Each structure stands twice: as structure tokens, then as C-alpha cells.
Q: 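Next up is a structure, given as C-alpha cells.
First the proteins, then the strands, lettered A, B, ... as listed; each starts at 1. Since we're looking at a predicted model, the values are computed, not measured.
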Amino acid sequence: MTNEALNDKTVNVLKEIFRGCAETIDDARFFSLVKTYFEKGETYTVKAGFDPTAPDLHLGHTVLLHKLATFQKYGGRVQFLIGDFTAQIGDPTGKSETRKKLLPTQIEENAKSYKEQVFKVLDPDKTTVVFNSEWINPLGAAGMLELTTTFNVARMLERDDFDKRHKAGISISISEFLYPLLQGYDSVHLKSDIEIGGTDQKFNLLMGRHLQRAYQVGKEQAVMMMPILEGLDGVQKMSKSLGNYIAVADEPNEMFGKILSISDTLMWRYYELLSSQSLDEIEALKAGVENGSLHPKKVKESLALEITERFHSRDAALGAQAEFERVHAQSEIPSEMDEFSADAPIWIAKALVDCLLSPSTSQARREIKQGSVKIDQNKLNDEQYQLEAGEYILQVGKRKFARLKVTQ
RNA sequence: GGUGAGAUACUCAAGUGGCCAACGAGGGCAGACUGUAAAUCUGCUGAUUUUUAUCUUCGAAGGUUCGAAUCCUUCUCUCACCA
């Protein structure tokens, strides 16, 4: 291949690699890494850090994972870093206070669960899972001290959220300063060529470059930042603690339903960051909705199908769609639901709690009063209702169902 | 180290002796309308089959009082100013 053809090929691949990302630093480096791979087959390393406290991956994480998978297609070897040491500090980005220390067994368990989920997207043969306590613990006080000499407070305060908090008079713990330093040091130890992370990680990602220079690693990592995916509410970032997430491990029906419940505005955001459809195709869909030739719900459905298929299977996705249609469009009961049993007679409010449909009998009574409880598809008005022996289908609101067998 | 201010439910925030399970806003849940979208309207949002009732809750522990989120004491934490 001529040098010119090689350049063209690299440029095209970079387009795919850069798709959807918010910002990159050191584009020339990306170019040369990919080009060298095509030229000589030399691979390069792409680092991404994850928190060991949240082994339940959600779609927000997959934005990053898909990007990593793209790199793997073009010579990237992924350094999947589990920040078991840094988790003890807590990244200052959030409101998070000092976190409790995780037991080694917990971390191990979480890591295992990570692997199961991550390899639905990543190629295991091109992925190395590493823990940063492995090289941070041996640093000791001396190493840590040395690390702190590479940076100063003024520059640390340039970090956006430190700056804001400092100006607003909100406390910043000294230990929080260590977080970016340690994250950067990870890149020194791993000699990463590229690091990717969320846009909120900009400062930390750049720290990797700074420290690689300070420690004379001989190269400075290129950086790619991905936008933060909003959660189901469309406002706050998708996170487990906010409860607005779609987990990778969600059942097909649930995953499909959750995607369909997002707002029309948010749908386009998900298309941009999660869909494999090209940007042109997405533009066409947008135009279709705007001129009325496409119903927004249909467009949302095809997104839900695509994503559900990705984490389950084509059949599961189609099944979920059919099920959804049955339950919501035709208000029939779901084909599968949790089953419970109880002794007759049982008070309805109690039954709802036992079937995990309501958190408390008080809540259950309120729900009955408001007319959101149905037994076998019929609305229930009597909050004193007693269930005799038999089989019932209990429903609270539109989404919560359970089958209850009452025996004498 | 000194002085001052503060800590109320998921969040913000009112309440300064009984009318307080605690105003209001946001959030959440539910109902109507819909496409399980958005917008809008309405209701609910500590627990308990004593349900015009009882119990627990206003940073923690004690105390005063017939009665405390409200008053007193000690403690813990947060913030501001000074050093």
C-alpha cells in the first residue's frame, strides 16, 4: 500500500473512531498510532478506569465500552482498570464524601461481575483487567510524596469543580487532590498510549499526560472524552444511585420498556451515543419525524429493538416488543410475572406488600384509594377487601404485576 | 485556638411551647388525557388493619414541662469571620 493510500485509510478509520466523542486531545497521536498499526501491525494500549463499587453496568458505561471496542477493531489493546485503590478516596466530581473501604473479597466479586458484563461488548482477547492498588500500595509514603511534588495547588485549583467549590467556600479535602494524581499515575505505570473517559474526567485525563512527562515515560497519552449519557429522566446523568438507569443486565422486557419510556427529546441523544446507525441514517429519521411521515414512537421502538438485541438476542428483542404491545397497547396481562403464595384469607393491602408490589401497607392502602390497584384486570375500590382461596393477578399502576396463589 | 451562625423528611426550605406527621417548592408515585413521550389538570408522598386512632420522626444524649421540632445542658458535625 502506498503511503498515500495508507493515510486515506487511516483518516477514514479515525472518522469512525472519533464518532460521537466530545473532545480529543493530541489528534496527531491518534493518527500515528492507527497508521502504525496498519503499516507494521503494532498495537497500542487504550486505558479506561472503572469504579469497583458499581459492578452493575448501565448504558452510560457502554458509551465508553463501545468506543473501546472500536479501538480494538483497529489495533487497540484495552487496559480495563478497576480503581480499587482510588475508590477509597472517591472522585471529587460528585457530591461523594469519603467512601467506605471495600473488602478485598467484595472487590474480587465485583470485578468478576464486571467481566461478565463487559465482555458482551469488549473482545476478551484484547483486554487486560488491572487493579490500581497493585502498584499504588507499593508506592508507600515516599512514592506518594514524590507524586505530590509534581504538581501544585494553584494548578490543582484550576480543575473546574475544585475551582467552583473553592470560590463558593465549600470544603475540599486534601485527599481529594490525590485522586487526579493517582489516576494520572496509573497511566505512568501502564504506559498507556490513549486514555478515554467522560467529559467530566478531562482534568484527570490530562493529569495522565502531565505525569507521563514528569516521570519520563517517553510518551504522552492521547485523550478522548465521551459525553455523559443522561438517565431516564433526561436531566441528570445516568447513574445507579439516582435510579435512572438501564442496566446491561436488565431483562429484555424491562430494557425495552425502559427505553420506550424516555422522552422524545432524549431519544435523539440515545441515538447519537448508543445506536450503531450512521449519522446520516439518524438525520433521515429526524427529518421523517419532523415532517410527520414517521411516528416518534416507531422510531423509539426501533432504537429499543437495536439496544435490546445488542445485550440479549434478536429473538429476545422481538419478544420484548410483542410483549410490550400486548401489555400496554392492548392492556393484557404480561405472559410472565413473579409468583407468590399466601394463606386464605389475606387482606389485599398485606397481599400487595407480600408480592413486593408495595413497600408498606400504608402505601398499599393509598394506592387502592387512588384506584391504581387491579385484581384480575378489575379496578379495586375496597381497601378492606379480603382475598379468599384462588389464584389472582394483582396489578399496581401500569407496570407492576404479580401472580398470587391463595390457599386454604 | 477565638468568636459567631447553623443542623428539620429524597433535596431545598418554613416552623421558635399545644391548632405539628410538621407550610411551601422540586423530585417521586398514582389517576385523567396520551404513544408507558412531552405538556396540562387532579390526588398522594413516616409507619401500623386502634385509620376522624395509635406509634416513631425535626443532628445525638439527657433535662424542664400536663405538653417540646420549638426552652435548658452536654456532645457530634458543618459553615463564616478572626488568628
Q: Please state the C1' separation for the pair B:rG26 and B:rA13 - nearest whole angstrom.
A: 11 Å
Q: Rounded to the nearest 0.5 Å, how far does CG of A:Leu206 lie from CZ of A:Arg155?
A: 9.0 Å
Q: Starting at atom CG of A:Asn244, determine the distance to atom P of B:rC29, rounded to an integer number of angstrom.
A: 11 Å
Q: Taking B:rU51 as the reference, what is the distance to B:rA60 when you measure between their P atoms (whole Å, please)?
A: 31 Å
Q: Using every non-hydrogen atom in the two residues, find where A:Thr199 and A:Ala22 come nearest and quote the distance to one decimal.
A: CG2-CB, 3.3 Å
Q: Can you say whether a donor on the side chain of A:Asp233 sits under 3.5 Å from an acceptor on the base of B:rG27, or the other way round?
A: no
Q: What's the closest nucleotide to the A:Pro296 side chain, out of B:rG35, B:rG31, B:rA38?
A: B:rG35
Q: Please report the distance, rounded to the nearest Å, between CG in A:Leu352 and C1' in B:rA30.
A: 14 Å
Q: Round to a whole Å and report the spacing from CD of A:Gln330 to P of B:rG35.
A: 14 Å
Q: Rounded to whole angstrom units, what separation is found between the NZ atom of A:Lys398 and the P atom of B:rG35?
A: 11 Å
Q: Apply ring-ring contact (aromatic ring centres under 6.0 Å, His included) to A:Phe131 and A:Phe85, showing your working.
A: CA-CA 8 Å; A:Phe131 298 84; A:Phe85 189 94; over 10 Å; no
Q: Should A:Asp354 and A:Ile346 be marked as a side chain to side chain contact (heavy atoms under 4.5 Å, CB included) after you check the CA-CA gap, both sets of side-chain angles, and the distance that decides it?
A: CA-CA 10 Å; A:Asp354 287 351; A:Ile346 183 166; 3.7 Å; yes
Q: Hunt down the Watson-Crick or G-U wobble partner of B:rC29, both distances under 3.5 Å, from any strand shown, or write none.
A: B:rG43
Q: For B:rC55 and B:rC72, measure between their C1' atoms and round to the nearest Å.
A: 27 Å
Q: Considering residues, nucleotides and ligands other than A:Lys400, do more than 12 of their heavy atoms fall under 6.0 Å from its NZ?
A: yes
Q: If you pin A:Lys379 and A:Lys258 to their nearest nucleotides in RNA chain B, which one's is more 5'?
A: A:Lys379
Q: With rounding to the closest Å, how many angstrom separate the C1' atoms on B:rA9 and B:rA47?
A: 13 Å
Q: Send over the distance from A:Ile368 CD1 to B:rG31 P, rounded to a whole Å.
A: 14 Å
Q: For A:Asp264 and B:rG35, what is the distance between atoms CG and C1' respectively, to the nearest whole Å?
A: 8 Å
Q: Can you give one letter per nucleotide of nucleotides 41-53 of chain B, 5' to 3': B if a protein heavy atom sits under 4.0 Å from the base, S if only from the sugar-phosphate, - if neither?
A: --BSS-SBB-B--
Q: What pair of heavy atoms forms the shortest contact from A:Ser276 to A:Glu306, and how long is it?
A: N-OE2, 2.6 Å
Q: Using Watson-Crick or G-U wobble geometry with both distances under 3.5 Å, which nucleotide pairs with B:rU56?
A: none
Q: Mind running a 4.0 Å heavy-atom check of residues 399-408 of chain A against RNA chain B and sending the residues that fall below it, in number order?
A: A:Arg399
Q: What's the gap between B:rU78 and B:rC29 when it is taken at their P atoms, as a whole Å value?
A: 34 Å
Q: I'd like to know whether the aromatic ring centres of A:Tyr37 and A:Tyr74 sit less than 6.0 Å apart in this structure.
A: no
Q: Checking all strands, does A:Lys298 fall into the base, sugar-phosphate, or nothing category for heavy-atom contacts under 4.0 angstrom?
A: nothing
Q: Sort out the partner of B:rG6 for me: Watson-Crick or G-U wobble, both distances under 3.5 Å, none otherwise.
A: B:rC77
Q: With C1' as the reference atom in both, quote the distance from B:rC71 to B:rC79 in angstrom, rounded to an integer.
A: 25 Å
Q: How is A:Gly397 classified with respect to the nucleic acid when contacts are heavy atoms under 4.0 Å: base, sugar-phosphate, or nothing?
A: sugar-phosphate
Q: Does B:rG62 have a Watson-Crick or wobble partner in any strand here, with both distances under 3.5 angstrom, and which is it?
A: B:rC72
Q: Who does B:rU16 pair with, Watson-Crick or G-U, both distances under 3.5 Å?
A: none
Q: Could you please name the partner base of B:rU49, counting Watson-Crick and G-U wobble pairs only when both distances are under 3.5 Å?
A: none
Q: Other residues, nucleotides and ligands only: do more than 12 of their heavy atoms fall within 6.0 Å of CD on A:Glu332?
A: yes
Q: What is the distance, to the nearest angstrom, from the CD atom on A:Glu301 to the C1' atom on B:rA37?
A: 12 Å
Q: If only side-chain N and O atoms count, and only distance matters, is there a donor-acceptor pair under 3.5 Å linking A:Ser32 with A:Tyr44?
A: no
Q: Nearest-Å distance, CG (A:Leu232) to P (B:rA38)?
A: 11 Å
Q: What distance, rounded to whole Å, do you find between the two P atoms, one in B:rC10 and one in B:rC19?
A: 23 Å
Q: Here's one to test your reading of the geometry: is the NZ or CZ of A:Lys9 within 45 degrees of the ring axis of A:Phe38 and under 6.0 Å from its centre?
A: yes
Q: Could you give the distance separating B:rC20 and B:rG15 at their P atoms, to the nearest angstrom?
A: 15 Å
Q: Measure the spacing between CG of A:Leu57 and CD1 of A:Ile246 and express it to the nearest 0.5 Å.
A: 13.5 Å
Q: Partner of B:rA37 by Watson-Crick or G-U wobble geometry, both contacts under 3.5 Å, or none?
A: none
Q: For residues 210-222 of chain A, run the donor-acceptor check on the side chains, cut-off 3.5 Å, and write out each pair with its distance to 0.1 Å, sequence neighbours left out.
A:
{"unit_1": "A:His210", "atom_1": "NE2", "unit_2": "A:Thr150", "atom_2": "O", "d": "2.8"}
{"unit_1": "A:Gln212", "atom_1": "OE1", "unit_2": "A:Gln221", "atom_2": "N", "d": "2.6"}
{"unit_1": "A:Gln212", "atom_1": "NE2", "unit_2": "A:Ser187", "atom_2": "O", "d": "3.0"}
{"unit_1": "A:Gln212", "atom_1": "NE2", "unit_2": "A:Ser192", "atom_2": "O", "d": "3.1"}
{"unit_1": "A:Arg213", "atom_1": "NE", "unit_2": "A:Glu220", "atom_2": "OE2", "d": "3.0"}
{"unit_1": "A:Arg213", "atom_1": "NH2", "unit_2": "A:Glu220", "atom_2": "OE1", "d": "3.4"}
{"unit_1": "A:Lys219", "atom_1": "NZ", "unit_2": "A:Lys191", "atom_2": "O", "d": "3.1"}
{"unit_1": "A:Lys219", "atom_1": "NZ", "unit_2": "A:Asp193", "atom_2": "OD1", "d": "3.0"}
{"unit_1": "A:Gln221", "atom_1": "OE1", "unit_2": "A:Ser187", "atom_2": "OG", "d": "2.8"}
{"unit_1": "A:Gln221", "atom_1": "NE2", "unit_2": "A:Glu195", "atom_2": "OE1", "d": "3.0"}
{"unit_1": "A:Gln221", "atom_1": "NE2", "unit_2": "A:Leu205", "atom_2": "O", "d": "3.0"}

Q: Select base, sugar-phosphate, or nothing to describe what A:Leu266 touches, counting heavy atoms under 4.0 Å on all strands.
A: nothing
